Structures are given as structure tokens and as C-alpha cells.
Participant: 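Just passing along the structure, written as C-alpha cells.
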Amino acid sequence: QQRFMAAFTHAAIGMAIVRKDGVILQVNMALCSLVARTGAELVGRPFNQLLHVGDVGPFQRQARAVLDSSEESFSMELRALGVGGAECWVSVHCSRYEDPAGVGEGLIYQLHDITSRHLAEGRLLHIAYHDGLTDLANRNCFHERLEVAVERSRLDAEQRFAVLFLDLDRFKMVNDSLGHMAGNQLLHEVAQRLHHCVRPIDLVARLGGDEFAILLESLHDAESGMRLAQRVLDVLSQPLSIHGTEVVPGASVGITFSDLGYRTVDEVLRDADLAMYEAKAGGRGRVVMFDSSMHEKVAEKLALESDLRHAIGEGQLSVHFQPLFELEPYRLIGFEALARWTHPQRGPVSPEVFIALAEESGRIEALTDWIIDHAVGQLASWRRLYPQAGSLGMHINISGRDLERTSLVDRVRQVLETHAVPASSLTLEITETTLMGRLEVALQTMGQLRELGVRFSIDDFGTGYSSLSYLSTLPIDSLKIDRSFVMGLQEKPQNVEIVRAVLNLGQSLGRRVIAEGIETPRQLSALRELGVPVGQGYLLSRPLRAEQVQDLLDVGVVLPN
């Protein structure tokens, strides 16, 4: 007994001897230190008073089982209370104790402080289920919560939920132009806004990159979900300042509801993602609700993507050539190469459709290479056949992905050498928005192509908010006024001033200005009066097949009425 008491008193872990009714008979110094109380304060009071109220019930059931001899001992982790209600986590081991002093049967508790371990586990758990940058829930956490919501709704249709899938509209532009630190700042701000604009019961998660998801639970109807989605859009439409630059985050949002009878988490996220892409394709900054027809569109898109892979190598693609004219004096100076696809079953496929599809599917590089080779080869053929064609040039559109690949420079060099066409006869066109969004990478590629003698033109100028300071340093030879300004010359007097401003800008920077989309004699007359030097459009000539261009070169160019 003396040896036991010596071990009990001086043990490094907290120990307590408790009567059958749960009242403390004796404690050691380690337990007093653990709960910051003296022995006199502890002896004679119920042991349960040292425990968090939420842990008392489970603990009492286990202790009763030991006393009833159904269990010899048990161990569990729970929260102990110190002075002032301060909590610490302890591992408690309980076993039977026969008191030799005649008190009878009791229990002996051993309490080991595991607060540090529990906090570490909590931090690890937080890391496992939260995004390190924004501290929002991560994909794993979102999946688990959504899985519970799906199962609850499956068992009870009244337990409605919705999922919002968000993609930021301008994240890549911020990242490329202001740097990754600015991009991280934008993501953090978006996360804060999303967290504060939803209800406490909703879960906001960052799934990766600039993709976010929101789980809306306990919804009464679809309208309330749409209102919450619109609130998200409104919150993200407010500007913020990053490194002195005002940025509007903006987002495209897809939403789907549990009323569709989902069985798996993957089905929910798939449909919300499809709705988000529909919102982005429809002009961005929108909320689109999923419907089953989107599945059909995706299936058709996949089939068309497969067909496009074969079309590039099987002769289904062709190039049409839209002439470019000097307006005063009127003469042919070159062509813009335009890809065309005639599908064997579907017939003609819109360039807007298959070029966008080529970019999404990673086939744009092969398509661009084919167009450059075909168009430059055709120009070489006309130069050989028609002496007057020696000064004609060829404009070819390229994408942002083309500017990002290192093989473009070698490919262009090889084509020019193969067809013996001077590099100055080739002009590569890139849209203003694409150029400004990939400026750092574009400058390097453009510089190498410029060393070969290749020219560059900014397409759709006036729609992408270019920095004038960049325009003065970029290796640009011409600016193409967007057709929307040309078509509205008569209806919108401000368009006349926009065209005049672009013309003055081009002249001051030594860049040729080209007007595209000329469709009426009045538009042509107005452009001539303004002094625009070059134009193209259906009034002057529609895109021509190669043999039609030869007819044009045979008979010469006629000034339209």
C-alpha cells in the first residue's frame, strides 16, 4: 500500500481515485497541476465537474460499464476544465479499484495531457481540408460536405441544395500583367467577398486556380438560389485596387439544383461546371442555370472536336482570301487568309465555332501551321504567275497560344524559306485583347519574328483597352479598326471621332490604319473623307477561293460604284 501511494503521489500523469458514486477520494499533484486546482478543492467533489459538459454523457456510460463488470477498463479522449473554464485535452484511462480501507469498490482515473498533440492534429486536419492561400474549404472538404448534402436530399427531397461553380473572368490578365503576387491578392480578396456575402450555413471553397464553388443548403426554392447567385455576381463586380491599378474581379457563374435528383457528387459538379462554361460563352459576368440540353451540346462538341482532328489532315479545310485595298488611290495590296471548314455531314462549320474549338482542344497550333503554309504557298504561286502580284502581302490570324509556343518562329522561318517568299510580305494578326493578356510572352516571340522581317497587325483595335505606352514600343506595323466602329459610322457620330482618333494615333506612331467590315458606299465614302488609307469588307470584295483570286488578278481590280 505504501509503495502504491508513493507511485500514485509522485506519478507524472494526473491520477484520481473516485468512489462508485463519482465523488473524488484522492488526487495526486500532477492532476492538481493539470486542472490548476489544489487537492482540497478537488477532493469531495464529483469528478464529472472537471469535464466539459459535452463529454460528460459518453464518459459516464463508459464508467458505468466498468463498474457493472461488463468492461474491465476503457480509454477515451475528452476535454478537461481548469480554472475559469479553460479547456485542455486529456487522454483518460479508467480501471476498477478496490479500496483497502473499506470504502469499497471504486475507479481509478489516469489523465495524460494531450493538448499539444490535439492542436497539432487540428492544424493538420485544417491543412488537409482548407486552401492554403485563401483559408477557404478546399476540394476535399467541399466534396465531403456535398456528399452529405446529396445523400440527405436523396432520402428527403425537401432537403434542397444548390451548387454554384464560379470562374473569374479576368484572373489570367491580372496574373500576366501585374504578376503572381497581384493574382494571389485578387484571389484572397475574392475569397473574403464570397465568404461574407453568403449565409452562415453555406460552404465556400476554392477548388483550384481561379475556380470557386459554393454549396447552398436548406433552400426553399430555385428562386432563392438564383438570388444568392446574383448577389455573388454583384459583390464581385465591385472594383478593388491592386498595386495602384483598379481591377474588377468579375465572374461567370453556373448553378444547378438538387431537384434534378442527383446521385453522386461528380454529377453535381459536372453540371454546375457545364452551366458555368455556358455563362462564359454567353458573354461572361452572368449566371446560367443548368438544363439537360447542355449535355447534348457537350456531346456534340466532343464529336466535332474529334472530326476537327481528322479535318486538318484529310482535306476538309480550305483557305479563302479576303482582299485588302488601298482606298485612295484604289488598288489591291494584299489578302487576309481565312480558314473554312466544310464538314462531310454537317456542311459548312462557322469559323467562330471551330477556331474556338481548336483553341480549347489544343489543335490551334496544328491549324495555324497549316494555314500559314497554305496561305504563304498560295501567295508564292500568284507571285510566279502574275508579275503585278509581286508586291502583294498576306495577313494571317494567330492566337495567343501560338505566341506562347517556341516552335512558331522556326515554323514561320521554314515556310518562308520553302516557298521563297520575303518575310516582309507576311503580316501576322493578333487581337488586341489577346495581345494585352499575354504581353510578356508575346513580346519575346514577336521580337524573334520581327528579326526575320515578319510584320504584325493588331486586329479589332479599339475593343481591348490597350495601354498607349505599350503601343509606342510594340513591334506593330498596322492597326485594324474594329468593324463595330465602321458599321456604326452613320448611326453613331461618336464612332466617327473614334475612327479619327485611331487614325491620328496610327499616324503619330507611324502605324498604318486598316478599316475592316466596309459594307456600304456611305461607309467607304466616310472612311475616305477621314483619310483611312486601307480597307476591307464585303462592299470591296467577299472572301474568295484561290481560283477566284486568279480571276481577279486576270481582269484587274474594278472600283465599286
Side-chain angles (χ1 to χ4, degrees), residues 167 172 252 273-274 276-284 288 293-322 335-378 394-405 407-408 411-412 415 426-435 437-438 457 459-460 463-464 480 482-484 516-517 536-538 542-549:
D167 184 88
K172 182 169 177 55
S252 299
D273 193 22
L274 284 176
M276 183 275 292
Y277 274 104
E278 193 76 13
K280 194 174 284 288
R284 302 188 177 189
V288 169
S293 66
M294 294 178 187
H295 284 163
E296 299 172 7
K297 291 181 181 179
V298 171
E300 182 178 357
K301 187 176 181 180
L302 289 173
L304 199 61
E305 179 184 323
S306 176
D307 293 343
L308 179 60
R309 286 198 297 269
H310 299 293
I312 295 176
E314 294 181 359
Q316 297 177 25
L317 295 175
S318 62
V319 177
H320 287 198
F321 303 90
Q322 183 165 36
F335 302 91
E336 180 180 354
L338 303 171
R340 295 292 184 264
W341 180 17
T342 302
H343 192 281
Q345 283 81 42
R346 302 170 186 263
V349 181
S350 167
E352 292 182 357
V353 172
F354 75 79
I355 289 177
L357 186 61
E359 289 189 340
E360 290 180 21
S361 62
R363 303 297 299 172
I364 191 66
E365 292 92 342
L367 180 60
T368 300
D369 288 349
W370 180 85
I371 295 173
I372 290 175
D373 182 59
H374 190 91
V376 171
Q378 191 62 67
M394 184 64 68
H395 286 233
I396 300 173
N397 293 280
I398 61 173
S399 73
R401 292 188 61 165
D402 289 317
L403 286 175
E404 292 176 350
R405 60 183 173 117
S407 61
L408 178 64
R411 178 61 177 166
V412 170
V415 169
L426 174 62
T427 298
L428 298 179
E429 294 189 7
I430 184 167
T431 63
E432 183 181 8
T433 303
T434 300
L435 177 61
R438 293 174 167 84
S457 180
D459 197 11
D460 301 336
T463 61
K480 296 188 78 172
D482 185 68
R483 65 179 63 249
S484 62
E516 57 182 351
Q536 67 182 106
Y538 282 5
R542 288 179 173 270
L544 306 172
R545 298 188 303 275
E547 59 270 23
Q548 292 175 310
V549 172

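The shown structure was predicted, so the numbers you read here are calculated from the model rather than taken from an experiment. Only this structure's heavy atoms are used, side chains among them; waters, hydrogens and symmetry mates stay out.
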Participant: Could you work out, with side chain to side chain contact (heavy atoms under 4.5 Å, CB included) as the rule, every residue matching Ala337, not counting sequence neighbours?
Facilitator: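 Per chain and number, Ala337 pairs via side chain to side chain contact (heavy atoms under 4.5 Å, CB included) with Val319, Phe321, Ile371, Ala375, Met394, Ile396.
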Participant: Check whether any side-chain heavy atom of Arg411 sits under 4.5 Å from a side-chain heavy atom of Thr368, and report yes or no.
Facilitator: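 They are not in side-chain contact.
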Participant: Return the OG1 to CD1 distance between Thr427 and Ile398, rounded to the nearest 0.5 Å.
Facilitator: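 The CD1 atom of Ile398 is 11.0 Å from OG1 of Thr427, to the nearest 0.5 Å.
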Participant: Over all heavy atoms of both residues, which pair between Pro543 and Gln548 is shortest? Give the atoms and the distance, please.
Facilitator: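 Shortest heavy-atom contact: O-OE1, 4.4 Å.
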Participant: Please state whether the rings of Trp370 and His374 are parallel, tilted or perpendicular, taking 30° and 60° as the class boundaries.
Facilitator: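 Trp370 and His374: parallel rings.
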Participant: Work out which heavy atom in Gly517 is nearest to a heavy atom in Arg483; give both atom names and the distance.
Facilitator: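 Smallest interatomic distance, heavy atoms only, reads CA-NH1, 3.3 Å.
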Participant: Apply salt bridge (charged side-chain N to carboxylate O under 4.0 Å, His left out) to Asp273 and list each qualifying residue two or more places apart in sequence or on a separate chain.
Facilitator: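 So Asp273 forms no salt bridge (charged side-chain N to carboxylate O under 4.0 Å, His left out) with any residue.
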Participant: For a 4.5 angstrom cut-off between non-hydrogen side-chain atoms, does Lys480 reach Glu336?
Facilitator: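 Of all side-chain heavy-atom pairs linking Glu336 with Lys480, at least one is under 4.5 Å.
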Participant: Tell me every residue that passes salt bridge (charged side-chain N to carboxylate O under 4.0 Å, His left out) with Glu352, counting only those two or more places apart in sequence or in another chain.
Facilitator: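 Result, salt bridge (charged side-chain N to carboxylate O under 4.0 Å, His left out) vs Glu352: none returned.
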Participant: Using the test salt bridge (charged side-chain N to carboxylate O under 4.0 Å, His left out), find all partners of Glu305 that sit at least two apart in sequence or belong to another chain.
Facilitator: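 Scan of Glu305 (salt bridge (charged side-chain N to carboxylate O under 4.0 Å, His left out), adjacent residues dropped) gives Arg309.
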Participant: Taking side chain as C-beta onward, heavy atoms only, is His343 less than 4.5 Å from Asp307?
Facilitator: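 Yes - at least one pair of side-chain heavy atoms lies under 4.5 Å apart.
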Participant: For Ala358, check side chain to side chain contact (heavy atoms under 4.5 Å, CB included) against everything at least two apart and list the hits.
Facilitator: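 Listed in chain order: Leu308, Arg363, Ile364, Leu367.
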Participant: Decide yes or no for Trp341 and Ser318: does some side-chain heavy atom of the first lie under 4.5 Å from some side-chain heavy atom of the second?
Facilitator: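 Heavy-atom side-chain distance check fails, nothing below 4.5 Å.
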Participant: Report the distance from atom OG1 of Thr342 to atom CG of Leu317, rounding to the nearest 0.5 Å.
Facilitator: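 These two atoms lie 8.5 Å from each other.
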Participant: Within the structure provided, determine whether Val353 and Leu304 are in side-chain contact (heavy-atom separation under 4.5 Å).
Facilitator: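 Contact flag for Val353/Leu304 side chains = yes.
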Participant: Listed by chain and number, what are the side chain to side chain contact (heavy atoms under 4.5 Å, CB included) partners of Glu365, not counting sequence neighbours?
Facilitator: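 For Glu365 the side chain to side chain contact (heavy atoms under 4.5 Å, CB included) partners, ignoring immediate neighbours, are Arg401, Asp402, Arg405.
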Participant: I need the minimum non-hydrogen distance between Val415 and Ile372, along with the two atoms involved.
Facilitator: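 Shortest heavy-atom contact: CG1-O, 3.9 Å.
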Participant: CZ/Phe335 to NE2/His320 distance, rounded to the nearest 0.5 angstrom?
Facilitator: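 So the gap between those two atoms works out to 13.5 Å.
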Participant: At their closest point, which heavy atom of Ser399 faces which heavy atom of Glu359, and how far apart are they?
Facilitator: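 Between these two residues, the closest heavy atoms are CB-OE2, 3.0 Å.
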Participant: Check whether any side-chain heavy atom of Val288 sits under 4.5 Å from a side-chain heavy atom of Met294, and report yes or no.
Facilitator: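 The answer is yes, as the side chains (C-beta and beyond) meet within the 4.5 Å cut-off.
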